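Structure first, then comments.
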Amino acid sequence: MIEAMTRHCSEVDSYHFGPLKGLGSRHNVRHWGCSCKEPRIAMAGHHRFFCYLMGDLRLLDIFGEVKDSDVTMIERQQARNVNNPNYKPGARSGPDWSTFTSNWMTWYELTLDETYRRKIETGIQDIMATPYGLASGPDYGYDVENAHLIYQGEVENTPNQHLQICMGAPQIWLELSDMLEDDSLNLLMERLGAFYYLDKEEKARLTDGKIKNRPFDWPRFATAVSALGAMRRKDKELAKQTWKILISSLWQDNGREGHCMKEYTKSTDGRSCYEIPWITTNTTAQWCLNVMLCLEFIREYLPKNMEELERWMMQE
């Protein structure tokens, strides 16, 4: 299944030549039918594990195809806005720049081409120079000639804050920090993790009112970075809050019986078919990825049993 999914996503869902080379179709129910062509679908990080475990040379070709997806993305933006003289190309810190770093990291580790390492380091320095790190932006201008992210102030109505971290960015940046022997990305994630769950008033206070109404409304997506922040800051309360968010997200709107299966149809031979109605692919994938990192970073704060968890919940 892993091989089939890797081949399908890397070969069918991605473009290999032409004006969309290095991009993929986002909502790909009908192949190539979606107008949203983005780098994140074709990201090298999705396929590195299979390539390195299986020695799949076809994927090496694909890594070469996606290494300059930033150029393709900007050229596509410019083509779609050719009649707008005021348009300036842009990139989000995630999932755009996070995807670029995945592609550049993969190409650098394969070739040691310093061009791509410098692109990564340029973006890191640009985000480090913003007032609030990964909480800043998250929408930037992008200079395709030198890979600079251009800070344009705080965007309060952005729909992109959660997209920074739900497309593999923490996994990419944790590995990249080790590869570069540079703690900057870990520091940026730590700061975001400590900031994400603050209430609006505290966010506004810490940012002089510049971040006040921006939606930070996918808390379970942020548990990887909040766990990292809790570990690095030795923040017991943040660690407990992280576990509460992860565990309670399993209940959703179904109370403490969130995993109860319900009959949804009958098969042709009359047998009942059951499912857990609220579980989705996104829910399952994000929950599992974040749990793995939380177990790595804050395992000692995991409640020992349901009784302890109940006491935590009562404290809210």
Side-chain angles (χ1 to χ4, degrees), residues 38 40 88-101 122-143 148-174 177 183-246 248-249 282 286 290 293-294 297-298 316:
E38 297 188 34
R40 55 172 150 156
K88 296 180 180 179
R92 300 162 292 183
S93 49
D96 299 326
W97 185 74
S98 58
T99 295
F100 301 159
T101 58
T122 295
I124 293 173
Q125 292 163 7
D126 290 337
I127 295 175
M128 288 288 288
T130 63
Y132 316 114
L134 284 171
S136 274
D139 305 334
Y140 292 80
Y142 186 71
D143 189 333
H148 273 296
L149 291 169
I150 302 166
Y151 177 60
Q152 302 178 120
E154 301 305 321
V155 184
E156 279 287 77
N157 62 348
T158 180
N160 296 315
Q161 192 72 62
H162 72 287
L163 290 176
Q164 286 182 306
I165 47 179
C166 68
M167 299 289 170
Q171 289 78 12
I172 295 160
W173 293 337
L174 285 164
S177 294
D183 198 48
S184 299
L185 281 170
N186 287 333
L187 177 60
L188 287 167
M189 287 189 285
E190 171 194 333
R191 291 174 62 191
L192 179 63
F195 185 82
Y196 199 96
Y197 300 140
L198 298 176
D199 59 35
K200 289 184 178 181
E201 291 73 20
E202 185 64 6
K203 286 188 174 81
R205 185 185 70 81
L206 292 174
T207 61
D208 296 322
K210 293 184 176 65
I211 299 178
K212 185 176 181 180
N213 296 311
R214 186 186 306 170
F216 289 78
D217 50 6
W218 291 88
R220 73 171 173 271
F221 287 3
T223 48
V225 292
S226 66
L228 179 66
M231 178 192 71
R232 288 169 61 96
R233 296 185 177 204
K234 297 180 172 57
D235 187 333
K236 181 178 179 180
E237 293 307 310
L238 180 58
K240 289 174 63 175
Q241 184 179 16
T242 299
W243 280 121
K244 282 195 285 188
I245 288 168
L246 264 181
S248 63
S249 71
N282 281 355
Q286 287 299 318
N290 282 288
L293 287 179
C294 288
F297 297 142
I298 54 171
E316 292 184 343

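Quick caveat, the model's predicted, so the values are computed rather than measured.
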Spacing of [atom1] belonging to [X] relative to [atom2] belonging to [Y], to within rounding of 0.5 Å:
{"X": "Lys234", "Y": "Met231", "atom1": "NZ", "atom2": "CE", "result": "8.5 Å"}
{"X": "Met167", "Y": "Ile165", "atom1": "CE", "atom2": "CD1", "result": "11.0 Å"}
{"X": "Leu246", "Y": "Thr223", "atom1": "CG", "atom2": "OG1", "result": "4.0 Å"}
{"X": "Glu201", "Y": "Lys212", "atom1": "CD", "atom2": "NZ", "result": "8.0 Å"}
{"X": "Tyr132", "Y": "Tyr151", "atom1": "OH", "atom2": "OH", "result": "6.5 Å"}
{"X": "Ile172", "Y": "Thr99", "atom1": "CD1", "atom2": "OG1", "result": "6.0 Å"}

Beyond-backbone contact of [X] with [Y], side-chain heavy atoms, under 4.5 angstrom:
{"X": "Leu174", "Y": "Asn186", "value": "yes"}
{"X": "Ile127", "Y": "Trp97", "value": "yes"}
{"X": "Arg214", "Y": "Pro138", "value": "yes"}
{"X": "Phe195", "Y": "Val225", "value": "no"}
{"X": "Ile150", "Y": "Tyr140", "value": "no"}
{"X": "Gln161", "Y": "Val155", "value": "no"}
{"X": "Phe221", "Y": "Leu163", "value": "no"}
{"X": "Met189", "Y": "Leu134", "value": "yes"}

Which heavy atom in [X] sits nearest to a heavy atom in [Y], and how many Å separate them?
{"X": "Arg220", "Y": "Ser249", "value": "CD-OG, 4.0 Å"}
{"X": "Gly229", "Y": "Leu238", "value": "C-CD2, 4.1 Å"}
{"X": "Leu293", "Y": "Gln171", "value": "CD1-NE2, 3.6 Å"}
{"X": "Glu154", "Y": "Gly137", "value": "OE1-N, 3.1 Å"}
{"X": "Ala135", "Y": "Ile211", "value": "O-CD1, 3.6 Å"}

For [X], which residues count as a side-chain contact (heavy atoms from CB on, under 4.5 Å) partner, sequence neighbours excluded?
{"X": "Ala169", "answer": "Ser98, Trp173"}
{"X": "Thr122", "answer": "Asp126, His148"}
{"X": "Ala239", "answer": "Ala230, Ile298, Tyr301"}

Practice prompt. Please test Lys203 against Asp199 for side chain to side chain contact (heavy atoms under 4.5 Å, CB included), starting from the C-alpha separation and ending with a verdict.
Written response: CA-CA 6 Å; Lys203 286 188 174 81; Asp199 59 35; over 6 Å; no
Can you tell me if Glu156 uses its side chain to pair, donor with acceptor, with the backbone of Asn213 under 3.5 Å?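 Pair found, side chain donor or acceptor close to backbone of Asn213.
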Item to complete: Return yes if a side-chain donor-acceptor contact under 3.5 Å exists between Ser226 and Thr242, otherwise no.
Response: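 There is such a pair between these side chains.
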Can you list the residues that meet the salt bridge (Lys or Arg N to Asp or Glu O under 4.0 Å) rule with [X], with sequence neighbours excluded?
{"X": "Glu38", "result": "Arg26, Arg40, Arg92"}
{"X": "Asp143", "result": "none"}
{"X": "Arg232", "result": "Asp183, Glu190"}

Please confirm whether the ring centroid of Tyr142 lies under 6.0 Å from the ring centroid of Phe100.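 Distance test on ring centres: under 6.0 Å, yes.
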Practice item. Check Leu185, Leu187, Thr101 against Ile124 for a side-chain contact (heavy atoms from CB on, under 4.5 Å) and give me the one that passes. Key: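 The single option meeting the side-chain contact (heavy atoms from CB on, under 4.5 Å) with Ile124 is Leu185.
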